[in-house]
Each structure stands twice: as C-alpha cells, then as structure tokens.
Amino acid sequence: MRPDPVDVITSSTYCSMAHLLHRLTAGAAPGLSEHGLSPTTFMILGQVYSHPGLHPAELARRCGLSAQHLAGILDRAEADGKKRDRKSVV
C-alpha cells in the first residue's frame, strides 16, 4: 500500500531531506554556473556518467523530469555544443 502523499510531505524526514537538498543545490550552483551548468544539467550528467547507454525515457524517470523537460534540456545542451547525439544519451 502506498503512503498518503500528504503524510509523506508533512513528515519530518521528508522536510529535512528537502531542506538539505535545497542547501546542497544552492551551495553548488555558483561552482556549476562557472562551467555553464545548472544543478539539473549536472544531475543529468551524473546519471549519464553512472549509467552509460541509458535510454532517454529512463534518464528522465531517474531524474524526476518529464520526457518533454528532458528533451528541452538536451536540445539546449546540443545547441551549446555539450551534446552530440540526442538519440543516444551517451
């Protein structure tokens, strides 16, 4: 049985994790931006590095993104020269 989403969101563990994630992201963002990366792009690159050959649909699922959002990020990366072939992430 799945937990009630309201119970999950209001749990102290969830709130602590969300706060920690926010602080880590905020702390890392300036260093990432120096390299032209956003925290989301960095997360995507981390998944690609850890799981070579990952299908874009699975990549989107692992990153908590919609397929459309991931496609937009990959399109921008391709335009910026950070990505060569959108059909194969690696």
What I'd like to find out is whether the side chain of Glu58 reaches to under 4.5 Å of the side chain of His51, using heavy atoms alone. no

Any non-hydrogen side-chain atom of Leu59 less than 4.5 Å from a side-chain atom of Ile44? yes

Working to the nearest 0.5 angstrom, can you tell me the gap between Gln47 CD and Leu65 CG? 10.0 Å

Does the pair Leu54 and Val48 meet the rule for a side chain to side chain contact (heavy atoms under 4.5 Å, CB included), with working shown? CA-CA 7 Å; Leu54 197 60; Val48 170; 5.9 Å; no

Report the distance from atom NE2 of His69 to atom CG of Leu74, rounding to the nearest 0.5 Å. 10.0 Å

